[in-house]
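Before any comments, here is the structure.
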Amino acid sequence: MKRILLTQSKSPYSAINAQEGLDAILMGSAFAECAVLFQGDGIYQLLKHQNPATLGTKNFTATFGALADYGVEQIYCIDEELTERQLAPTELVIPVIPITRSGLCDFIREFDLVLDF
Amino acid sequence: MKIAIVVQGGPYSHEASLSALHFAKATLDAGHEIYRVFFYNDGVYNASDLIAPPQDETDIRGEWTRLSDLHDVELITCIASSLRRGLLNETESERYEKSAANLNPAFEISGLGQLIDAGLSADRTVTFAA
């Protein structure tokens, strides 16, 4: 089975990429084995206690909790990026597997298809 | 080689669509096949039939249509992205009871499955992000 990596690279409400990326993850899970990498400010999508109602934006991040139900269980982030943003894994809505920045290229090479959002 | 192209940027506001267009032409010139061009995110604006650029600027939508006419390239816009941004064909315009349709006929509205299928079927997938 082919393996897809979807990367979420933008903060949750700065652009619609985050929400439309999540849609692509859910669709991809119906076709192939999917993994997700939260990189750069994309990691902010996973912060707990988000309340974007005052922005007039839907809190789509609740859907991340359902990724496992779609068979998407490989969720990655870059270890150094958590440190740079002073984030602890306990502050995130789902468990993430940290990889090192130096290992990123080898990690990406393991996939047949990479889609960036 | 079969190439899939993903366009995420709107015409004139972001370089992504012009770069994708140049890449698509180069792909065909080099003898490769374009499996599909998938327009996602603001990329769906490339499909608007109502774009009327100044005469001394590239007619980006027109270039996509010509590419499709000359080389039978499949141009697909994501339905969720399109509806959100007001890019409707006749069918969707009637379904949502809107006053007009504006999707250029060279483009088709379809689902995200077409993006995943393109990525899995092509030898290479090249994304022009915004």
Side-chain angles (χ1 to χ4, degrees), chain A residues 1-42 45 52 55-61 63 66-67 70-72 74 104-105 108-117, chain B residues 1-11 13-17 19-20 23 33-47 76-87 92 108-130:
Chain A
M1 196 184 211
K2 291 204 175 181
R3 298 183 70 210
I4 306 177
L5 175 67
L6 298 110
T7 60
Q8 294 282 83
S9 307
K10 293 211 165 53
S11 59
Y13 310 108
S14 63
I16 200 168
N17 297 52
Q19 190 178 340
E20 294 192 331
L22 177 59
D23 290 342
I25 295 166
L26 298 177
M27 178 57 73
S29 69
F31 285 79
E33 185 185 328
C34 288
V36 186
L37 170 68
F38 289 87
Q39 61 179 356
D41 284 349
Q45 295 175 29
L55 300 174
T57 307
K58 191 168 82 174
N59 187 4
F60 66 93
T61 62
T63 311
L67 281 180
Y70 286 83
V72 183
Q74 303 167 62
L104 186 59
C105 290
I108 287 175
R109 265 191 218 109
E110 290 172 24
F111 295 89
D112 299 295
L113 171 65
V114 180
L115 294 172
D116 181 43
F117 295 101
Chain B
M1 199 178 266
K2 276 191 291 187
I3 310 277
I5 297 175
V6 184
V7 184
Q8 294 185 357
S13 58
H14 202 281
E15 192 216 356
S17 59
S19 291
F23 178 80
E33 177 194 335
I34 296 178
Y35 183 81
R36 177 175 297 143
V37 185
F38 191 85
F39 298 86
Y40 197 39
N41 227 292
D42 281 357
V44 300
Y45 287 123
N46 282 276
I76 303 284
T77 70
C78 166
I79 186 161
S81 294
S82 298
L83 295 179
R84 242 183 219 128
R85 292 166 176 83
L87 267 293
E92 299 305 326
E108 252 180 77
I109 292 185
S110 191
L112 260 178
Q114 299 288 319
L115 167 63
I116 306 297
D117 168 68
L120 295 176
S121 305
D123 299 305
R124 293 283 186 278
T125 300
V126 184
T127 299
F128 293 85

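Below, chains carry the letters A, B, ... as their sequence lines are ordered, and counting in each starts from 1.
- The distance from the CG atom of A:L113 to the CD1 atom of B:I116 is 7.0 Å, given to the nearest 0.5 Å.
- Applying the ring-ring contact (aromatic ring centres under 6.0 Å, His included) test to every pair with at least one member in residues 111-130 of chain B, sequence neighbours left out, gives these pairs: B:F23-B:F128.
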Distance-only donor-acceptor screen, chain A against chain B, under 3.5 angstrom:
| unit_1 | atom_1 | unit_2 | atom_2 | d |
| --- | --- | --- | --- | --- |
| A:K2 | NZ | B:L120 | O | 2.9 |
| A:K10 | NZ | B:A130 | O | 3.1 |
| A:E20 | O | B:Y40 | OH | 2.3 |
| A:E20 | OE1 | B:S81 | OG | 3.3 |
| A:E20 | OE1 | B:R85 | NH2 | 3.4 |
| A:E20 | OE2 | B:S81 | OG | 3.2 |
| A:E20 | OE2 | B:R84 | NH1 | 2.5 |
| A:E20 | OE2 | B:R85 | NH1 | 3.1 |
| A:D116 | O | B:Q8 | NE2 | 3.0 |

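- Of the atoms belonging to A:I4, it is side-chain heavy atoms, and not backbone ones, that fall under 4.5 Å from chain B.
- B:L115 touches chain A through its side chain: at least one heavy atom from C-beta onward sits under 4.5 Å away, while N, CA, C and O do not.
- Contact annotation for B:A4: neither backbone nor side-chain heavy atoms come within less than 4.5 Å of a heavy atom of chain A.
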